[in-house]
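Input: a single structure, listed below in structure tokens.
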Amino acid sequence: MYTQALNTSDADDRHIEDAARAAAFQARIDAEERIEPNDWMPAAYRRTLTRQISQHAHSEVVGMLPEGNWITRAPSLRRKAALLAKVQDECGHGLYLYAAAETLGASREELVDLMLAGKAKYSSIFNYPTLTWADIGVIGWLVDGAAIMNQIPLCRCSYGPYARAMIRVCKEESFHQRQGYEIMLTLARGTDEQKAMAQDALNRWWWPVLMMFGPPDQASQHSDTSTKWKIKRFSNDELRQKFVDATVPQAQYLGLTIPDPGMKQNEAGHWEYSAIDWDEFKQVLAGNGPCNHDRMAARRKAHDEGAWVREAAEAYAEKRRHRQTAQAAE
Ligand code: BYC
């Protein structure tokens with residue numbers, strides 16, 4: 001009878017131990033301490049970060065496609081060099097992010113395979129086509145502008161490797177945003193035809209860019225836990241509003257019109273925008289956006305064609321390992 005009272009199973013002990021660790025973990029987060037790869041973390045924290053960081057990495061890599069489409073058609077050597085550098089930067093961002101995700105125990109191969117199998121998401125925005133040169137201006141101005149708004153707070157994310165990767169990414173995104181705005185300024189001050197092209201690109205990209213920030217707060221399933229863990233510092237709607245408020249004066253300076261006739265500034269100075277078509281967002285996430293099929297096909301083709309590079313890198317690493325073992329044995 002007495003022994004029964006003391007008879008807790010290993011599983012119960014583990015449960016108590018995990019609860020104590022989870023409390024200590026949350027206390028570290030609340031104290032603004034950084035969590036590093038070898039620190040204990042709840043499995044759900046590891047899962048949510050692996051999901052977010054890998055989706056972010058996939059977005060950077062898929063995001064090279066719409067702009068890469070214009071490298072050979074950029075209107076001057078200067079534009080070509082800047083665009084080439086920007087697209088290379090996006091590739092670099094993907095690599096830092098896969099490396100950050102790997103510190104959580106998931107290999108880059110397995111994360112990439114999930115994306116290629118259609119099981120991991122990438123940003124909805126990259127499922128829209130780049131029809132004219134003005135789209136390249138709008139992507140830099142608005143897509144990178146939205147990315148900066150979302151990523152600056154991620155520089156203070158609780159997970160060290162992600163937060164540190166974001167610092168460099170944000171610096172580079174800032175160059176991208178200016179590059180895009182300068183293209184828009186040139187077009188907006190150009191001929192009537194160029195100005196019309198700039199306006200048309202703004203009309204097509206405005207609403208998809210607002211969707212980049214994710215579903216409205218009441219429909220955002222991960223926000224509560226990600227906020228508690230200080231992965232997220234602002235909600236999807238808060239960042240969307242900050243972006244709109246920052247962008248309206250930039251559009252005014254360009255002399256372009258935001259395609260939202262119902263938009264008005266409230267007494268607090270915020271720009272109130274009309275309802276977003278969340279059905280379109282859901283369709284794009286479900287694989288039915290204008291370019292989902294093309295983007296996945298292009299990624300799968302690039303992956304298959306890069307198989308020999310991965311094999312060569314493996315063979316070289318193996319050769320180096322052998323050499324090092326042989327040298328150590330001498
Ligand atoms: N597109 O609970 P929620 C770039 C998903 S690349 C697709 O609010 P969370 C650039 C979400 O994943 C910029 N899916 O989620 C590159 C979740 O689905 P799962 C990419 C979206 O994570 C090249 C579900 O909807 N930036 O800058 O709390 C050239 C519910 O959402 C989207 C990042 O990845 C979307 N737009 O918040 C130029 C930033 N939105 O996973 C530029 C890092 C939501 O349950 N990520 N979903 O199946 C984040 O900050 C957050 O993950 C989000 C979403 C704010 C995007």
Side-chain angles (χ1 to χ4, degrees), residues 44 47-70 83 85-94 96-97 100-101 114-115 118-128 130 135-155 157 159 162-163 165-166 169-170 172-177 179-180 205 207-240 243 276 278 280-287 289 292 295:
R47 261 197 315 274
T48 214
L49 273 170
T50 307
R51 174 189 64 81
Q52 177 167 327
I53 301 173
S54 62
Q55 285 178 359
H56 194 164
H58 303 327
S59 305
E60 299 282 357
V61 173
V62 178
M64 294 163 71
L65 296 170
E67 292 182 284
N69 185 32
W70 277 90
L83 184 58
K86 177 187 191 297
V87 173
Q88 281 177 332
D89 284 352
E90 309 300 358
C91 181
H93 298 174
Y96 315 146
L97 285 161
L114 283 173
M115 195 264 288
K119 291 182 185 154
K121 294 189 171 78
Y122 58 87
S123 181
S124 51
I125 195 70
F126 301 117
N127 291 304
Y128 291 85
T130 41
D135 291 32
I136 300 305
V138 166
I139 290 182
W141 172 34
L142 298 182
V143 175
D144 286 272
I148 294 170
M149 200 55 90
N150 165 274
Q151 287 169 190
I152 292 278
L154 288 173
C155 299
C157 151
Y159 188 57
Y162 193 26
M166 280 301 110
V169 169
C170 284
E172 292 175 351
E173 299 290 23
S174 162
F175 152 69
H176 301 165
Q177 200 267 354
Q179 173 262 173
W205 287 87
W207 294 104
V209 165
L210 293 194
M211 294 173 198
M212 273 179 81
F213 292 92
D217 290 352
Q218 70 275 15
S220 166
Q221 75 225 41
H222 301 294
S223 273
D224 288 351
T225 40
S226 289
T227 304
K228 182 181 85 174
W229 286 327
K230 298 196 175 166
I231 295 170
K232 272 184 156 173
R233 299 274 175 171
F234 296 96
S235 76
N236 298 357
D237 285 331
E238 281 168 346
L239 289 175
R240 197 169 3 250
F243 172 78
I276 294 174
W278 291 113
E280 176 179 325
F281 178 71
K282 283 183 200 141
Q283 281 300 319
V284 173
L285 259 56
N292 293 60
R295 301 293 183 237

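Numbering of ligands and ligand atoms starts at 1, following listing order.
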*Would you say the side-chain atoms of Asn292 pair up with the backbone N or O of Val284, donor to acceptor, closer than 3.5 Å?*
yes
*Backbone N/O of Tyr128 and side chain of Arg295: donor-acceptor pair under 3.5 Å*: yes
Return the closest protein heavy atom for [atom] as residue, atom name and distance.
atom: atom 11 (C) of ligand 1; result: Arg51 NH1, 4.0 Å
atom: atom 40 (N) of ligand 1; result: Gly214 CA, 3.2 Å
atom: atom 15 (O) of ligand 1; result: His222 CD2, 3.6 Å
atom: atom 10 (C) of ligand 1; result: Phe126 CZ, 3.5 Å
atom: atom 41 (O) of ligand 1; result: Gln55 NE2, 2.8 Å
atom: atom 27 (O) of ligand 1; result: Ala147 CB, 3.0 Å
atom: atom 32 (C) of ligand 1; result: Phe281 CZ, 3.6 Å
atom: atom 5 (C) of ligand 1; result: Lys121 CD, 4.0 Å

Just jot down the ligand 1 atoms closer than 4.0 angstrom to any heavy atom of [X], in number order.
X: Asn236; result: 8 (O), 55 (C)
X: Met212; result: 36 (N)
X: Leu285; result: 1 (N), 7 (C), 14 (N), 25 (O)
X: Glu67; result: 29 (C)

Would you say ligand 1 has an N or O under 3.5 Å from any N or O of [X]?
X: Ser124; value: yes
X: Lys232; value: yes
X: Ser226; value: no

*Check if His93 has a non-hydrogen atom at a distance under 4.0 Å from any atom of ligand 1.*
no
*Sub-4.0 Å heavy-atom contact, Glu173 with ligand 1*: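 Yes, that is the case, since the closest heavy atom of the residue is under 4.0 Å from the ligand.
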Measure across [X] and [Y] and return the closest heavy-atom pair with its distance rounded to 0.1 Å.
X: Val169; Y: Tyr96; result: CG2-CD1, 3.7 Å
X: Met212; Y: Ser123; result: CG-OG, 4.1 Å
X: Pro208; Y: Glu280; result: CG-OE2, 4.2 Å
X: Cys170; Y: Cys155; result: SG-SG, 4.0 Å
X: Asp135; Y: Thr130; result: OD2-CA, 3.3 Å
X: Glu67; Y: Ile136; result: CA-CD1, 3.9 Å

Hey, looking at [atom], which of [options] has the closest heavy atom?
atom: atom 33 (C) of ligand 1; options: His56, His58, Lys282, Lys119; value: His56
atom: atom 7 (C) of ligand 1; options: Tyr122, Phe213, Tyr162; value: Tyr122
atom: atom 31 (O) of ligand 1; options: Ser220, Cys157, Ser123, Pro215; value: Pro215
atom: atom 24 (C) of ligand 1; options: Gln52, Met211, Gln221; value: Gln221
atom: atom 50 (O) of ligand 1; options: Thr48, Asp224, Asn150; value: Asn150

*Parallel under 30°, tilted from 30 to 60°, perpendicular over 60°: which one fits the rings of Tyr162 and His56?*
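Plane angle over 60°, so perpendicular.
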_Can you classify the ring geometry of Phe281 versus Trp278 as parallel (below 30°), tilted (30 to 60°) or perpendicular (above 60°)?_
perpendicular
*Return yes if a side-chain donor-acceptor contact under 3.5 Å exists between His176 and Gln179, otherwise no.*
no
*Side-chain donor-acceptor pair under 3.5 Å between His222 and Gln52, yes or no?*
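Not at all, the side chains of His222 and Gln52 share no donor-acceptor pair under 3.5 Å.
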*For ligand 1, is any non-hydrogen atom under 4.0 Å from Asp144's backbone (N, CA, C, O), its side chain (CB onward), both, or neither?*
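Only the side chain of Asp144 comes within reach of ligand 1.
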*Salt-bridge criterion met for Asp89 and Lys86 (N-O under 4.0 Å)*: no
*Hey, what do you get for CD (Glu173) to CG (Asp144), rounding to the nearest 0.5 Å?*
4.5 Å
